[in-house]
*Asks:* 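Structure in structure tokens, see below.
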Number of protein chains: 2
Amino acid sequence: METIEQVLESKNIRITAMRMLIYKFLVEKEVAVTLSDIENAFEKADRTTLYRTIKTFEEKDIVHQIDDGTGITKYALCEKDCNCEIETDLHLHFHCTNCNKTICLTENKIPKITVPDGFISENVNLVVKGICDKCSG
Amino acid sequence: METIEQVLESKNIRITAMRMLIYKFLVEKEVAVTLSDIENAFEKADRTTLYRTIKTFEEKDIVHQIDDGTGITKYALCEKDCNCEIETDLHLHFHCTNCNKTICLTENKIPKITVPDGFISENVNLVVKGICDKCSG
DNA sequence: ATAACAAATGCACTTCCATTGCATTGGTTT
DNA sequence: AAACCAATGCAATGGAAGTGCATTTGTTAT
Ligand SMILES: [Mn+2]
Ligand SMILES: [Mn+2]
Ligand SMILES: [Zn+2]
Ligand SMILES: [Zn+2]
């Protein structure tokens, strides 16, 4: 099991208290989080710092951004050794219209999508909306 | 060939000059448009009117909303007799990262997506990012 | 035709989120 | 210790979405 320090180090990010806390927060959350979620969890910290921390994480492929159609950007931890930028690696995202949670379905990969002649597909974003397992039970 | 008046009438929307103009604008555009696009095309008109017009069109299934991941909502005309709300009717959307245009690929339907047990899929949004036919040529 | 009513439009204002500039703090390296 | 660069904090900005209310316009009833 890798420690948080090891994760950050392996991605060439300086280890700071703030970054460790935010990383830990993301690990503990099983769903995608908004910037406001993080903000609420760390009232003491400045919003900008949180924003830039998550942006740094994004650049370094520690988290990936999710646009679930709510208009608010969400973030979730990448899988270990994921290649976010490679199309075939991408998984589905599920947005529950009942509890408003957004979940990475990492086991469910996006099927091969064909586009018309002349179009070049580089990336696919797929969001399923509906009722999550917690809410449907 | 249906006239614009007939389209609006069939959807039970009052025919006004503004609505005719905006509908015409949408027909002539072959790509999805933002509210700003419409705003720029009709400098004289108030933004709110344009906003509410497009919302009315959306409610009446004249246009559908597209979230292509740019953070700005886009709109495009629905196909004739489309059932936007029915999952199996939904088509792909293509967002060109070069020219920033978003295109309805109405011929390319979204494949059947399976979700884990307990999850109920009600709707699927699929956006392909890449280079469009105009830009790749 | 006129009055009464309802819908559409225009203007002002608000809210929310994302993003940036700049000063300050803190950690590393020589 | 000095120099340096990255990280943080504070303040402000920008963009888009949305709402309240007054006014105008169109429709319907008398
Ligand atoms: Mn994910
Ligand atoms: Mn479309
Ligand atoms: Zn739920
Ligand atoms: Zn293009």
Side-chain angles (χ1 to χ4, degrees), chain A residues 4-5 7-26 32-60 62-76 95 100 102 125, chain B residues 4-5 7-26 32-60 62-76 95 100 102 125:
Chain A
I4 300 179
E5 284 96 332
V7 173
L8 297 181
E9 230 163 39
S10 73
K11 300 284 188 176
N12 291 314
I13 302 174
R14 277 206 199 173
I15 296 162
T16 69
M18 205 68 253
R19 286 171 178 173
M20 302 249 307
L21 284 169
I22 295 176
Y23 189 91
K24 192 153 170 293
F25 176 74
L26 291 167
V33 301
T34 66
L35 192 57
S36 295
D37 291 336
I38 304 177
E39 211 181 335
N40 292 334
F42 302 95
E43 307 243 340
K44 295 269 189 67
D46 185 78
R47 186 187 163 76
T48 314
T49 305
L50 303 174
Y51 173 75
R52 287 202 260 240
T53 300
I54 205 83
K55 284 292 165 194
T56 302
F57 282 4
E58 198 187 348
E59 274 168 27
K60 303 289 186 176
I62 288 177
V63 301
H64 60 280
Q65 194 171 328
I66 304 167
D67 176 1
D68 62 9
T70 57
I72 300 161
T73 306
K74 296 185 180 177
Y75 303 89
H95 178 242
N100 199 34
T102 295
N125 181 41
Chain B
I4 300 179
E5 283 96 334
V7 173
L8 296 181
E9 229 163 39
S10 73
K11 300 284 188 176
N12 291 317
I13 302 174
R14 279 205 197 172
I15 296 162
T16 70
M18 205 68 254
R19 286 171 177 174
M20 301 251 307
L21 284 169
I22 294 176
Y23 188 91
K24 193 155 170 290
F25 176 73
L26 291 168
V33 302
T34 66
L35 192 58
S36 296
D37 290 337
I38 304 177
E39 211 180 336
N40 292 334
F42 301 96
E43 307 244 340
K44 296 266 188 70
D46 185 79
R47 214 180 59 80
T48 314
T49 305
L50 303 175
Y51 173 75
R52 288 201 258 238
T53 300
I54 206 82
K55 283 291 164 193
T56 302
F57 282 5
E58 198 188 348
E59 275 168 26
K60 302 291 184 173
I62 289 178
V63 302
H64 59 280
Q65 194 170 328
I66 304 166
D67 176 359
D68 63 8
T70 57
I72 299 161
T73 306
K74 296 184 180 176
Y75 303 90
H95 178 241
N100 199 34
T102 295
N125 181 41

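Letters A, B, ... are given to chains in the order of the sequence lines, protein chains preceding strands, and every chain is numbered from 1. Keep in mind that what you see is a predicted model, and the values were worked out from it rather than measured.
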*Asks:* Is the NZ atom of Lys24(B) crowded by more than 12 outside heavy atoms at less than 6.0 Å?
*Replies:*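 No, because the 6.0 Å sphere around NZ of Lys24(B) holds 12 heavy atoms or fewer from other groups.
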
*Asks:* Would you please confirm or rule out a distance under 4.0 Å between OP1 or OP2 of dA18(C) and any side-chain N or O of Tyr51(A)?
*Replies:*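 So the side chain of Tyr51(A) is outside the cut-off, no N or O lying under 4.0 Å from OP1 or OP2 of dA18(C).
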
*Asks:* Can you give me the closest heavy-atom contact between Ala32(B) and Asp37(B), atom names plus distance?
*Replies:*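 Residues Ala32(B) and Asp37(B), closest heavy atoms: O-OD2, 4.4 Å.
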
*Asks:* Reckon Thr73(B) touches a base, only the sugar-phosphate, or nothing at all at heavy-atom distances under 4.0 Å?
*Replies:*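 Sugar-phosphate contact only - Thr73(B) comes under 4.0 Å of backbone atoms but never of a base.
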
*Asks:* So do Leu50(B) and Leu35(B) actually touch side chain to side chain, heavy atoms under 4.5 Å?
*Replies:*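 Sidechains of Leu50(B) and Leu35(B): in contact.
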
*Asks:* Please report, rounded to the nearest Å, how far the P atom of dG26(D) is from the CD atom of Glu9(B).
*Replies:*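 These atoms are roughly 16 Å apart.
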
*Asks:* Could you name each residue pair satisfying salt bridge (Lys or Arg N to Asp or Glu O under 4.0 Å) that touches residues 11-21 of chain B, not counting sequence neighbours?
*Replies:*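 Of all non-adjacent pairs touching residues 11-21 of chain B, none passes salt bridge (Lys or Arg N to Asp or Glu O under 4.0 Å).
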
*Asks:* Rounding to an integer number of Å, can you tell me how far Lys60(B) NZ sits from dA7(C) C1'?
*Replies:*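 Atom NZ in Lys60(B) sits about 12 Å away from atom C1' in dA7(C).
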
*Asks:* Glu39(A) CD to dG9(D) C1': how many Å, rounded?
*Replies:*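 The distance from CD of Glu39(A) to C1' of dG9(D) comes to 13 Å, rounded to the nearest Å.
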
*Asks:* On DNA chain D, check which nucleotide each of Ile15(B) and Leu35(B) is closest to and give me the residue with the more 5' one.
*Replies:*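 Comparing both residues, the 5'-ward one is Leu35(B).
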
*Asks:* Report the distance from atom CZ of Phe42(A) to atom P of dG9(D), rounded to the nearest whole Å.
*Replies:*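 In whole Å, dG9(D) P lies 12 Å from Phe42(A) CZ.
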
*Asks:* Please list, chain by chain and in numerical order, all residues satisfying ring pair (Phe, Tyr, Trp, His ring centres under 6.0 Å) with Phe57(A), sequence neighbours excluded.
*Replies:*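 Ring pair (Phe, Tyr, Trp, His ring centres under 6.0 Å) list for Phe57(A), sorted by chain: empty.
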
*Asks:* Does any non-hydrogen side-chain atom of Ile66(A) lie less than 4.5 Å from one of His64(A)?
*Replies:*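 The answer is yes; the side chains approach within 4.5 Å.
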
*Asks:* Within the structure, does a side-chain N or O atom of Lys55(B) lie under 4.0 Å from either OP1 or OP2 of dG18(D)?
*Replies:*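 Yes, such a contact exists.
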
*Asks:* In whole angstroms, how far is the C1' atom of dT8(D) from the CG atom of Leu21(A)?
*Replies:*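 Rounding to the nearest Å, CG of Leu21(A) and C1' of dT8(D) are 14 Å apart.
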
*Asks:* Starting at atom CZ of Arg47(A), determine the distance to atom P of dG21(C), rounded to an integer number of angstrom.
*Replies:*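 Checked: the CZ to P distance equals 17 Å.
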
*Asks:* Identify each atom pair where a protein N or O and an N or O of nucleotides 8-10 of chain C are less than 3.5 Å apart, giving names and distance.
*Replies:*
residue : atom : partner  : partner atom : Å
dA8(C)  : OP1  : Arg19(B) : NH1          : 2.8
dA8(C)  : OP1  : Arg19(B) : NH2          : 3.2
dA8(C)  : O5'  : Arg19(B) : NH2          : 3.4
dT9(C)  : OP1  : Thr16(B) : OG1          : 2.9
dG10(C) : OP2  : Thr49(B) : OG1          : 2.8
dG10(C) : O6   : Arg52(B) : NH2          : 2.4

